[in-house]
Amino acid sequence: MLDIKLLRDDSPRIAQNLADRRARVFDDLGPADGPDWAEKTVGRLTMLDRGYLALLQRQDELRRLQNETSAGMKAVGKLAKEEQAAARERLVEEGRRLRDEERQLGLDTEKALAERDEWWGRVPNLTHPETPRGGADEDHRELRRVGTPRDFEAEGFAPRDHLEVAEALDLVDFASGAKVAGPKFYYLKNEAVLLDLALQHYALQTARRHGFTVHVTPDLAREEILRGLGFNPRGESTQIYSVANSDLCLVGTAEITLGGMLADTILEEDQLPLLLAGVSHCFRTEAGSAGQESKGLYRVHQFTKVELFAFTAADEGASEAMHARLLAIEEEIFTGLGLPYRVVDIASGDLGGPAYRKFDLEAWMPGRGAYGEITSTSNCTDYQARRLKIRYRPGAPDGTKQKPRFVHMLNGTAVACSRALVAIFENYQQADGSVVVPEVLRAVVGADRVFGAKRRAGAT
RNA sequence: GGAGGAGUGGCCGAGCGGUCUAAGGCAGCGGACUUGAAAUCCGUCGUGGGGGCAACCCCACCGAGGGUUCGAAUCCCUCCUCCUCCGCCA
């Protein structure tokens with residue numbers, strides 16, 4: 001959530017940002033509803049805010065009168081004895097009247113605030129000036145390509161996609177997944193299990209080396225925490241599974257549990273930057289997605305992920321430097337895995353609500369002959385911190401403590417295991433159908449190459 | 001699952017219907033003393049919101065939400081969290 005003062009002080013900026021992001025706030029007022037839809041949106045938000053403020057002021061006034069009335073009771077004892085009863089009676093009656101009126105008004109105020117925030121909460125974060133503006137795939141800016149895709153033609157065979165490779169080696173079982181849990185669920189088998197664990201191990205070791213405190217986090221979290229991080233657990237197109245008869249949801253990423261850890265706290269400035277990493281299972285409904293892009297392990301309902309999370313001081317220099325650092329760690333991890341990738345600066349229309357700027361790493365995936373997203377890192381500035389109430393106490397140059405400020409929060413994928421497996425299976429496949437194990441994973445996997453069932457029986 | 005106990009400002013902790021404008025301490029900050037520091041003494045010091053946008057004024061907040069009352073940190077109800085013991089379990 002943005003600071004409501006931004007709406008009061010600089011509403012044109014909000015309107016411009018809505019337009020840049022193609023961010024619909026009201027259901028009947030989006031990019032397709034005329035050229036001034038963003039200004040109209042801001043106008044409606046302003047009306048809601050003013051309505052709330054007017055009610056709040058009246059309520060404050062009533063409470064002030066109530067306080068006066070009950071304070072007046074103390075003076076009754078000083079009156080002449082025969083006047084006390086009448087004076088007390090008058091005050092009690094006045095107090096009763098004020099109480100009833102204030103209670104009624106309080107309900108209206110509460111409703112007005114809830115309504116304002118329901119809509120204000122849908123307004124996305126501001127956007128980094130260098131973020132490319134636009135909403136189409138081609139509006140993303142490719143920053144660089146690292147590594148060289150293998151020339152399968154020169155090697156004399158056509159690369160298969162990861163699903164064919166993995167099934168031939170008996171590494172995944174989607175049929176059983178579908179039977180037990182439904183489509184897009186799967187079992188990992190044999191060396192894929194060890195690869196999955198090795199990826200987590202590798203990512204966590206790398207995170208630790210960079211100063212992150214590592215965690216295994218809960219796989220469920222309260223709705224309130226989800227909302228704080230900018231996820232909407234209810235609604236038609238939600239990506240979130242929720243647990244019936246409770247306020248718990250299955251997390252879609254450890255971003256939720258790591259970011260939520262510090263809700264309602266005030267940090268000291270010297271605790272920043274605070275670096276957390278966590279491994280969790282990730283659950284996503286993937287409502288409405290299908291097709292080639294979602295084949296096999298690429299888009300599934302459950303996977304395991306190691307996530308990086310950082311809290312920094314509230315100035316853009318600090319969080320931007322951290323954003324670059326997270327991106328560098330992601331690149332280090334995928335360079336270490338020997339996977340060719342490119343870095344993409346995500347366009348304004350595709351940022352999602354909380355992100356101020358977002359970089360994706362896309363690995364080369366020979367099976368489809370295209371780059372596919374494998375990690376993502378976002379600088380969410382203070383957008384999440386505001387609702388989660390995560391602050392820090394800045395120190396002024398003269399040593400005095402300043403008012404608490406909201407921290408900046410950033411997240412990034414260290415390794416999303418399922419997607420990393422896709423990239424490994426496709427990039428490391430051999431003409432004989434086997435898959436070479438990336439060097440950094442060999443110690444944990446206990447093998448440098450995965451063969452099929454025949455060789456497996458003999459090998460162990 | 002059962003039985004008890006406890007949640008108060010950055011931290012510790014008192015208060016248990018109106019004198020709470022929440023004692024006291026620690027930490028922080030300013031000052032005095034000192035060559036400097038420590039110790040000591042004096043002062044200052046919560047968060048959020050609204051109004052004037054300067055001094056200042058007002059409102060809310062004692063785990064959360066309801067309730068009783070003219071008036072609630074204080075009484076009642078529900079929930080959450082933590083602690084102790086018992087049971088069960090990996």
Side-chain angles (χ1 to χ4, degrees), chain A residues 1-10 46 48-79 83-117 120-121 216 218-228 243 245-249 257 260-272 274 311 313-314 382 385-407:
Chain A
M1 191 160 60
L2 287 172
D3 190 346
I4 191 70
K5 283 178 180 153
L6 222 47
L7 178 68
R8 296 172 189 164
D9 300 343
D10 195 0
T46 301
L48 286 167
D49 184 46
R50 287 197 184 142
Y52 159 69
L53 281 182
L55 286 166
L56 183 69
Q57 281 162 28
R58 275 177 56 203
Q59 199 190 358
D60 276 1
E61 177 64 11
L62 279 175
R63 288 210 261 228
R64 192 182 63 78
L65 292 171
Q66 274 188 96
N67 289 340
E68 266 180 20
T69 304
S70 55
M73 194 66 84
K74 280 181 267 179
V76 167
K78 292 175 189 145
L79 295 175
E83 292 173 19
Q84 287 187 10
R88 190 172 284 122
E89 184 54 37
R90 259 200 319 278
L91 285 172
V92 167
E93 203 166 305
E94 175 71 358
R96 205 177 275 143
R97 190 185 65 75
L98 287 168
R99 182 187 64 193
D100 294 345
E101 195 179 340
E102 192 271 341
R103 275 189 193 179
Q104 186 50 51
L105 191 61
L107 296 177
D108 297 343
T109 311
E110 202 178 317
K111 227 171 91 189
L113 176 63
E115 198 187 347
R116 186 201 74 185
D117 280 348
W120 181 243
V216 174
D219 285 340
L220 288 86
R222 295 182 200 289
E223 267 186 39
E224 193 53 34
I225 299 291
L226 283 272
R227 287 184 201 284
V243 178
N245 303 318
S246 83
D247 65 344
L248 290 171
C249 303
T257 43
M261 273 180 94
L262 292 172
D264 295 311
T265 44
I266 299 177
L267 300 159
E268 292 303 326
E269 187 172 28
D270 60 17
Q271 292 177 265
L272 300 176
L274 190 61
F311 301 84
D382 61 3
R386 183 164 292 105
R387 188 135 41 173
L388 291 168
K389 300 195 196 69
I390 305 177
R391 291 172 294 174
Y392 72 105
R393 206 175 283 281
D398 63 2
T400 60
K401 289 285 167 75
Q402 307 289 102
K403 289 220 166 235
R405 297 188 64 189
F406 292 111
V407 297

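Taking for each of A:G95 and A:R8 the nucleotide of RNA chain B with the nearest heavy atom, the 5'-most of the two is the partner of A:R8. Of the two residues near RNA chain B, A:R63 and A:E94, the one whose nearest nucleotide lies more 5' is A:R63.
In terms of phosphate contacts, A:K389 brings no side-chain nitrogen or oxygen within less than 4.0 Å of OP1 or OP2 of B:U47. The side chain of A:N67 contributes an N or O atom lying less than 4.0 Å from OP1 or OP2 of B:A60. Listed pair A:R64 / B:C57 fails the phosphate criterion, with no side-chain N or O lying under 4.0 Å from OP1 or OP2.
Closest to the side chain of A:R391, from the set B:A60, B:U47, B:G50, is B:U47. Ranking B:G48, B:U81, B:G50 by closeness to the A:R222 side chain, first place goes to B:U81. Comparing B:C70, B:U47, B:A60 by their closest approach to the side chain of A:S70 singles out B:C70.
One can place CD of A:Q59 at 20 Å from P of B:G48, the figure rounded to the nearest angstrom. Atoms CD (A:Q57) and C1' (B:C57) sit 13 Å apart, rounded to a whole Å. Remark: C1' of B:G71 and CG of A:D100 are 14 Å apart, rounded to the nearest angstrom. If you take CD1 of A:I4 and C1' of B:G50, they are 14 Å apart, rounded to a whole angstrom. Counting to the nearest Å, the P atom of B:U19 and the CE atom of A:M73 are 13 Å from each other. Atom CD in A:E61 sits about 15 Å away from atom C1' in B:A60, given to the nearest Å. For the pair A:E269 CD and B:A27 P, the interatomic distance rounds to 21 Å; values are reported in whole Å. When rounded to the nearest whole Å, the span between CG of A:L55 and P of B:A60 equals 17 Å.
Rounded to the nearest Å, the gap between the C1' atom of B:U35 and that of B:G49 is 50 Å. Remark: the separation of the C1' atoms in B:A60 and B:A72 is 14 Å, to the nearest Å. On the P atoms, B:G43 is 30 Å away from B:G63, given to the nearest whole Å. When the P atom is used for both B:C82 and B:A27, the distance is 31 Å, rounded to whole Å. A distance of about 38 Å separates the C1' atoms of B:C16 and B:C88, rounded to the whole Å. Straight-line distance between the C1' atoms of B:C29 and B:C45: roughly 7 Å, to the nearest whole Å. Rounded to whole Å, the separation between the C1' atoms of B:C70 and B:G17 comes to 12 Å. Taking the C1' atom of each, B:A6 and B:C62 are spaced 14 Å apart, rounded to whole Å.
A salt bridge (Lys or Arg N to Asp or Glu O under 4.0 Å) with A:R63 holds for exactly one of A:E102, A:E101, A:E68; it is A:E102. When each of A:K111, A:R116, A:E115, A:Q57 is tested with A:Y52 by the rule side-chain contact (heavy atoms from CB on, under 4.5 Å), just one qualifies, namely A:R116.
Look at A:R58 and A:E61 and you find no salt bridge, because none of the NZ, NE, NH1 or NH2 atoms lies under 4.0 Å from a carboxylate O. The pair A:R227-A:E223 counts as a salt bridge, with a side-chain nitrogen and a carboxylate oxygen less than 4.0 angstrom apart.
Side chain to side chain, A:T109 and A:Q59 meet the donor-acceptor criterion of an N or O pair below 3.5 Å.
A donor-acceptor pair under 3.5 Å links the side-chain atoms of A:R386 to the main chain of A:M1, judged by distance alone. Between the side chain of A:E110 and the main chain of A:L107, no donor-acceptor pair closer than 3.5 Å is present.
The distance from the CG atom of A:D100 to the CG atom of A:L62 is 11.0 Å, given to the nearest 0.5 Å.
Looking at RNA chain B, the stems built from 3 or more consecutive Watson-Crick or G-U wobble pairs, each pair with its key distances under 3.5 Å, are B:1-7 with B:80-86, B:10-12 with B:24-26, B:28-32 with B:40-44, B:46-51 with B:56-61, B:63-67 with B:75-79.
Residue contacts for A:L53: at a heavy-atom cut-off of 4.0 Å it reaches the sugar-phosphate backbone alone, with no base atom in range.
Counting non-hydrogen atoms of other residues, nucleotides and ligands closer than 6.0 Å to CZ of A:R50 gives a total of 12 or fewer.
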Write down the protein N/O and nucleotide N/O pairs, taken from nucleotides 67-69 of chain B, whose separation is under 3.5 Å; answer none if there are no such pairs.
residue, atom, partner, partner atom, Å
B:U68, OP2, A:R103, NH1, 3.1
B:U69, O4, A:R103, NH2, 3.3

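At least one side-chain heavy atom of A:E89 sits under 4.5 Å from a side-chain heavy atom of A:E93. The shortest side-chain heavy-atom distance between A:T265 and A:R391 does not fall under the 4.5 Å cut-off.
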